[in-house]
Q: 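This structure is in structure tokens; I'll ask about it shortly.
If you're wondering where the values come from, they're calculated on a predicted model, not measured in any experiment.
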Amino acid sequence: AGFLEEVPSPDDLSRYLKQFNPNLPSNVTIHVVSINNGSTTVGGAGEADLDVQIAVPLTYPLKTAYYSTGGRPPVAPGGPSDNEPYLEALTYLIDLEHPPQTWSISYGDDETGVPTDYADAVCCQFMKLGARGVSVLVSSGDDGAGTREACTGSTVKRFEPTFPAACPWVTVVGGTKYFGTAERGYALGGSGFSNHFAAPSYQLEAVKQYIDGLDGLWDGIYNASGRAYPDVSASFKPYLMFFRGEVTPNGGTSASTPAVASVIALLNDYLVSNGKAPLGFLNPWLYTVGKHGFT
């Protein structure tokens, strides 16, 4: 998913493949799809480049499309002006006869900056997309349990969840550090509880165990009955990427999300190639059977 005039550079993708994946062809094509007059001109701060440079070598020879969606959505009073037009992108995908089986979204906003009616409409479309058999993975954000605005000095006023991570009908990817049995959650990997969406049934047992383990810590500054996230996590950093011709370190849940989405894309491809249905909406499976495949 691409927003805010972010479009990947084919040249930087080629450089990445030549240096880090020389066994793959360096001229892999990314199909850029314009939605709502979304930009097709290479540019932006590098989010698009990070996404495709992670996904393409992990999923090749699967086809990768970059859905560049133009415009800005409504924002809540006092909210930022750089929120993403999710509704236009979702409307386009749902209308396709064959939507992509896996969709990775590395963007997010403070939940309080999104009008509730817009959040409800977007979340409903995510539910429809999952019912169509699409696995949607969304980044949890890089502010831990809340942005800096949630604090006054050393006093936390209230944790700030993110959107669309707060929606119950997407699979949210957080961040970890270390590897293997030493793997742990990364402090800045986004996490929290929605103040708008209630906890869905598929996660009630897991969330209750987590809250019980807190033993009253943070009571009153988060919504214990809200949709909790992330659902899964993967390496937060370090990732290397090419940006404007130069190698630069990067990371965050903007990186862990396309990494996990790539694994899901391979699983979906395996299932379909064997005459089975794709995984679709992942969470009911993740919280029961799928969790046994994770650390």
Side-chain angles (χ1 to χ4, degrees), residues 1 3 35 67 69 73-74 83-96 98-141 161-174 190-208 210 223-234 253-254 256-258 260-261 263-265 267-268 271 277-291 294:
F3 303 102
I35 303 172
Y67 294 91
T69 305
N83 284 4
E84 294 78 24
Y86 301 109
L87 199 56
E88 287 82 354
L90 286 159
T91 301
Y92 176 89
L93 290 180
I94 289 169
D95 197 46
L96 295 176
H98 300 291
Q101 290 170 346
T102 313
W103 196 32
S104 177
I105 304 175
S106 289
Y107 295 79
D109 309 303
D110 291 348
E111 189 181 54
T112 54
V114 180
T116 55
D117 57 347
Y118 185 81
D120 288 338
V122 169
C123 195
C124 183
Q125 300 308 309
F126 276 125
M127 179 174 64
K128 293 178 184 178
L129 203 58
R132 291 283 307 277
V134 180
S135 302
V136 181
L137 295 104
V138 173
S139 63
S140 67
T162 61
F163 182 85
C167 174
W169 311 121
V170 297
T171 301
V172 184
V173 184
S191 58
F193 293 76
S194 173
N195 291 319
H196 177 64
F197 296 101
S201 58
Y202 60 72
Q203 66 171 191
L204 289 177
E205 181 181 351
V207 172
K208 182 181 184 304
Y210 175 78
N223 177 23
S225 62
R227 187 277 201 261
Y229 67 90
D231 301 300
V232 298
S233 295
T253 59
S254 290
S256 59
T257 302
V260 173
V263 175
I264 299 302
L267 292 174
N268 280 333
L271 290 168
L279 290 167
F281 177 49
L282 296 168
N283 294 8
W285 169 76
L286 279 174
Y287 280 86
T288 52
V289 178
K291 65 182 181 181
F294 289 81

Q: In Å, rounded to the nearest 0.5 Å, how long is the span from CG of Leu286 to CD1 of Ile264?
A: 6.5 Å

Q: How far apart are the C-alpha atoms of Ile105 and Thr257, what are their side-chain angles, what is the distance that settles it, and do they pass the side-chain contact (heavy atoms from CB on, under 4.5 Å) test?
A: CA-CA 7 Å; Ile105 304 175; Thr257 302; 5.9 Å; no

Q: Which residues satisfy the side chain to side chain contact (heavy atoms under 4.5 Å, CB included) test with Pro230, sequence neighbours excluded?
A: Ser140, Val172, Ser191, Ser233

Q: Under 3.5 Å, which donor-acceptor pairs do the side chains of residues 194-203 form with other protein atoms, sequence neighbours left out?
A:
residue: Ser194; atom: OG; partner: Glu111; partner atom: OE2; Å: 2.6
residue: Ser194; atom: OG; partner: His196; partner atom: N; Å: 2.9
residue: Ser194; atom: OG; partner: Phe197; partner atom: N; Å: 2.8
residue: Asn195; atom: OD1; partner: Arg158; partner atom: NH2; Å: 3.1
residue: His196; atom: NE2; partner: Asp120; partner atom: OD1; Å: 2.7
residue: Tyr202; atom: OH; partner: Pro168; partner atom: O; Å: 2.6
residue: Tyr202; atom: OH; partner: Asn283; partner atom: ND2; Å: 3.0
residue: Gln203; atom: OE1; partner: Ala228; partner atom: N; Å: 2.8
residue: Gln203; atom: NE2; partner: Ala228; partner atom: O; Å: 3.0
residue: Gln203; atom: NE2; partner: Tyr287; partner atom: OH; Å: 3.2

Q: Can Trp169 and Cys123 be said to form a side-chain contact (heavy atoms from CB on, under 4.5 Å), step by step?
A: CA-CA 7 Å; Trp169 311 121; Cys123 195; 3.6 Å; yes

Q: With sequence neighbours excluded, tell me which residues meet side chain to side chain donor-acceptor pair (under 3.5 Å) with Thr253.
A: Asp142

Q: Could you walk me through whether Ile94 and Gln125 pass side-chain contact (heavy atoms from CB on, under 4.5 Å), step by step?
A: CA-CA 8 Å; Ile94 289 169; Gln125 300 308 309; 3.1 Å; yes

Q: Who are the ring-ring contact (aromatic ring centres under 6.0 Å, His included) partners of Phe163, not counting sequence neighbours?
A: none

Q: Testing the basics here: between Val170 and Phe281, what is the closest heavy-atom pair and its distance to 0.1 Å?
A: N-CE1, 3.8 Å

Q: If you define the side chain from C-beta out and look only at heavy atoms, does anything of Ser139 sit under 4.5 Å from Tyr107?
A: no

Q: Return the minimal non-hydrogen interatomic distance between Thr69 and Ala89, and the atom names on each side.
A: OG1-CB, 3.4 Å

Q: Between Val173 and Ala234, which heavy-atom pair has the shortest distance, and what is it?
A: CG1-N, 4.3 Å

Q: Please check: side-chain N/O of Asn268 versus main-chain N/O of Leu279, any donor-acceptor pairing under 3.5 Å?
A: yes

Q: Rounded to the nearest 0.5 Å, how far apart are CG of Leu137 and CG of Leu282?
A: 5.5 Å

Q: Could you tell me if the ring centre of Phe3 sits under 6.0 Å from that of Tyr86?
A: yes

Q: Just to verify, what does Asp109 make a salt bridge (Lys or Arg N to Asp or Glu O under 4.0 Å) with, not counting sequence neighbours?
A: none

Q: Please list, chain by chain and in numerical order, all residues satisfying side chain to side chain contact (heavy atoms under 4.5 Å, CB included) with Thr112, sequence neighbours excluded.
A: Asp110, Glu160

Q: Does any N or O in the side chain of Tyr229 come within less than 3.5 Å of the main-chain N or O of Thr162, such that one atom is a donor and the other an acceptor?
A: yes

Q: Could you check whether any side-chain heavy atom of Val136 comes within less than 4.5 Å of a side-chain heavy atom of Thr171, counting everything from C-beta outward?
A: no

Q: Under the rule for side chain to side chain contact (heavy atoms under 4.5 Å, CB included), what residues qualify as partners of Pro73, not counting sequence neighbours?
A: Asn83, Pro85, Tyr118

Q: Go through the structure and list residues passing salt bridge (Lys or Arg N to Asp or Glu O under 4.0 Å) with Lys208, not counting sequence neighbours.
A: Asp212

Q: Just so I know, are the side chains of Pro100 and Tyr67 near enough to count as touching, which here means a heavy-atom distance under 4.5 Å?
A: yes

Q: Measure the spacing between OG1 of Thr91 and CG of Leu87 and express it to the nearest 0.5 Å.
A: 4.5 Å

Q: Tell me every residue that passes side chain to side chain contact (heavy atoms under 4.5 Å, CB included) with Lys291, counting only those two or more places apart in sequence or in another chain.
A: none

Q: For Thr288, give me all partners under side chain to side chain donor-acceptor pair (under 3.5 Å), at least two apart in sequence or on another chain.
A: none

Q: Considering residues at least two apart in sequence or located in another chain, which fulfil the side chain to side chain donor-acceptor pair (under 3.5 Å) criterion with Ser104?
A: none

Q: Between atom CG of Leu93 and atom CD of Glu88, what is the distance when rounded to the nearest 0.5 Å?
A: 12.0 Å

Q: Got a donor-acceptor contact below 3.5 angstrom from the Arg227 side chain to the Phe193 backbone?
A: no

Q: Apply ring-ring contact (aromatic ring centres under 6.0 Å, His included) to Tyr92 and list each qualifying residue two or more places apart in sequence or on a separate chain.
A: none

